[in-house]
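For the numbers below, each heavy atom of this structure counts, side chains included, while hydrogens, waters and symmetry mates do not. Keep in mind that what you see is a predicted model, and the values were worked out from it rather than measured.
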Amino acid sequence: MPGEGERYKEFEPPPALRSYVRTLWTYAAPAPQTTVQRIAPDGCSELVVDIGAPYEEQGPDGVFRLQPRALFAGQMTRPLAMRPVGPTELVAVRFEPDGARDWLGRPLAEATDRRLDMVSRLAGLAPPAGDPTAQVGMMVRWMEDERRARNWSIDPAVRLEIEAAQQERPSPVRSPAEHRALQRRFRDRVGVPPRLLRSILRFRRVFDHAAGPEAGGWLEAGLEAGYFDQPQMARDFRRFLGCTATEWAREQAGLARVIASQSYKPGPLSPH
């Protein structure tokens with residue numbers, strides 16, 4: 001159940017950013033549960049600015065360390081465990097799978113499974129506390145300035161493959177040379193291979209089906225998402241969340257819960 005005063009809100013990007021940004025969102029929890037929260041891969045990278053207390057993130061050594069107040073979260077291929085340490089409030093930009101390359105200015109593969117410190121780059125950007133509309137407005141204006149200054153673009157071949165994956169269509173037929181070239185371009189502009197992105201999107205669809213008005217349990221949600229059987233889905237729960245579906249449902253809290261409850265089904269995309 002939501003904590004007292006907890007809020008989550010999404011905002012559509014303006015037309016000029018729509019090919020690159022899926023949504024902007026805000027979250028606040030004045031008294032968050034101090035439990036560990038599991039965040040699963042979703043096929044998107046994000047720019048996150050903490051206005052309240054930053055989260056602690058668990059490293060490979062099991063130690064929790066404070067995240068920077070502004071960070072770029074690249075594509076994830078494994079679960080992220082984090083926990084709040086105080087009142088939280090943040091504003092974030094959720095990019096399309098291939099939308100962050102020109103903003104980041106480096107191959108997206110360099111950010112995969114990493115949270116990059118963006119404090120210096122966002123120096124001087126101070127979204128106001130307690131005002132989600134103003135927070136998003138400031139981020140939008142800053143992102144639009146970045147787009148104009150850096151002349152962002154979209155790779156049509158990469159975008160075509162992403163659209164096929166999102167719409168659950170087979171990949172276009174390609175020669176071996178074209179396939180290898182696409183792999184390289186995906187590494188640069190998305191950060192994960194096409195096949196892995198499809199696996200991540202399938203896993204994310206489980207939560208969409210599980211949260212639907214006619215949801216019939218995890219197994220039914222998994223079958224509707226494209227899994228063959230329960231063991232296949234269970235392997236991906238271990239792979240992408242580090243636990244079973246039952247364990248996640250029992251433990252979910254705070255930001256992990258509200259993010260999982262939102263639909264990641266994309267809108268129409270158009271190559272530039």
Side-chain angles (χ1 to χ4, degrees), residues 7-30 32 37 39 42-57 59 64-76 80 82-154 188-191 254-255 258-259 262:
R7 61 166 168 79
Y8 175 91
K9 190 172 183 181
E10 292 190 353
F11 298 78
E12 287 191 10
L17 295 176
R18 204 159 289 159
S19 289
Y20 312 97
V21 174
R22 177 164 299 180
T23 190
L24 297 101
W25 57 274
T26 64
Y27 175 73
Q37 302 174 15
I39 308 293
D42 57 42
C44 298
S45 56
E46 294 189 314
L47 174 64
V48 182
V49 179
D50 275 296
I51 302 164
Y55 284 79
E56 286 185 330
E57 176 181 337
F64 282 86
R65 298 178 178 85
L66 208 61
Q67 292 181 330
R69 286 192 171 273
L71 61 86
F72 178 78
Q75 290 278 359
M76 292 165 53
L80 165 64
M82 61 185 196
R83 64 189 181 193
V85 297
T88 62
E89 184 172 10
L90 55 87
V91 57
V93 178
R94 182 175 299 139
F95 291 95
E96 292 291 347
D98 58 339
R101 171 60 173 87
D102 291 342
W103 177 83
L104 187 62
R106 53 200 278 198
L108 263 291
E110 295 181 9
T112 298
D113 287 320
R114 297 177 63 195
R115 265 60 63 193
L116 306 181
D117 190 327
M118 291 290 152
V119 172
S120 295
R121 182 163 177 185
L122 274 69
L125 191 69
D131 190 340
T133 301
Q135 293 164 7
V136 168
M138 180 176 288
M139 295 299 294
V140 164
R141 290 189 294 273
W142 188 81
M143 294 296 290
E144 288 184 320
D145 288 344
E146 290 279 297
R147 180 188 62 81
R148 287 189 291 267
R150 295 171 178 267
N151 193 28
W152 296 357
S153 63
I154 293 295
D188 179 64
R189 302 203 69 90
V190 179
L255 183 58
V258 295
I259 287 179
Q262 304 306 308

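By the 4.5 Å heavy-atom criterion applied to side chains, Gln75 and Pro97 are counted as neighbours. Using a 4.5 Å heavy-atom threshold, the side chains of Phe11 and Gln135 count as separate. Residues Val190 and Leu108 form no side-chain contact, since every pair of their non-hydrogen atoms from C-beta on lies 4.5 Å or further apart. Proximity of Arg101 to Ser153: side-chain heavy atoms (C-beta onward) are nowhere separated by under 4.5 Å. Annotation: side chain of Leu47 is in contact with side chain of Trp142 (closest heavy-atom distance under 4.5 Å). In this structure, the side chains of Glu89 and Pro127 stay at 4.5 Å or more apart for every pair of heavy atoms. Under the 4.5 Å side-chain criterion, counting only non-hydrogen atoms from C-beta, Val91 is in contact with Val136. Residues Glu10 and Trp25 form a side-chain contact, since some pair of their non-hydrogen atoms from C-beta on lies under 4.5 Å apart.
Taking the six-membered ring for Trp and thresholds of 30 and 60 degrees, Tyr20 and Trp152 have ring planes more than 60 degrees apart, a perpendicular arrangement.
Taken from CG in Asp102 to CD in Glu146, the straight-line distance is 11.0 Å, to the nearest 0.5 Å. Distance check, rounded to the nearest 0.5 Å: CD of Gln67 to CG of Leu90 gives 9.5 Å. Note that the CZ atom of Arg69 and the CG atom of Leu122 stand 13.5 Å from one another [nearest 0.5 Å]. A distance of 10.0 Å separates OH in Tyr27 from CZ in Arg7, rounded to the nearest 0.5 Å. Separating the CZ atom in Arg94 from the CD atom in Glu96 is a distance of 10.5 Å, to the nearest 0.5 Å. Distance check, rounded to the nearest 0.5 Å: CE of Met76 to OG of Ser45 gives 12.0 Å.
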**OP:** Could you check Leu17 against Val93 for side chain to side chain contact (heavy atoms under 4.5 Å, CB included), going step by step and ending with a plain yes or no?
**Re:** CA-CA 11 Å; Leu17 295 176; Val93 178; over 6 Å; no

**OP:** Take Phe72 and Arg121, measure what side chain to side chain contact (heavy atoms under 4.5 Å, CB included) needs, and give me the verdict at the end.
**Re:** CA-CA 11 Å; Phe72 178 78; Arg121 182 163 177 185; over 6 Å; no

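The two atoms that bring Arg147 and Ala16 nearest to each other are CD-O, 3.3 Å, heavy atoms only. When all heavy atoms of Val21 and Pro13 are compared, the pair lying nearest together is O-CG, 3.2 Å. When all heavy atoms are compared, the tightest approach of Ile154 to Ser19 is CD1-O, 3.9 Å.
With a 6.0 Å radius and a threshold of 12 heavy atoms from other residues, nucleotides or ligands, Glu12 has its CD atom at or below the threshold.
Put simply, the residue from Glu46, Glu57, Glu56 that forms a salt bridge (Lys or Arg N to Asp or Glu O under 4.0 Å) with Arg115 is Glu57.
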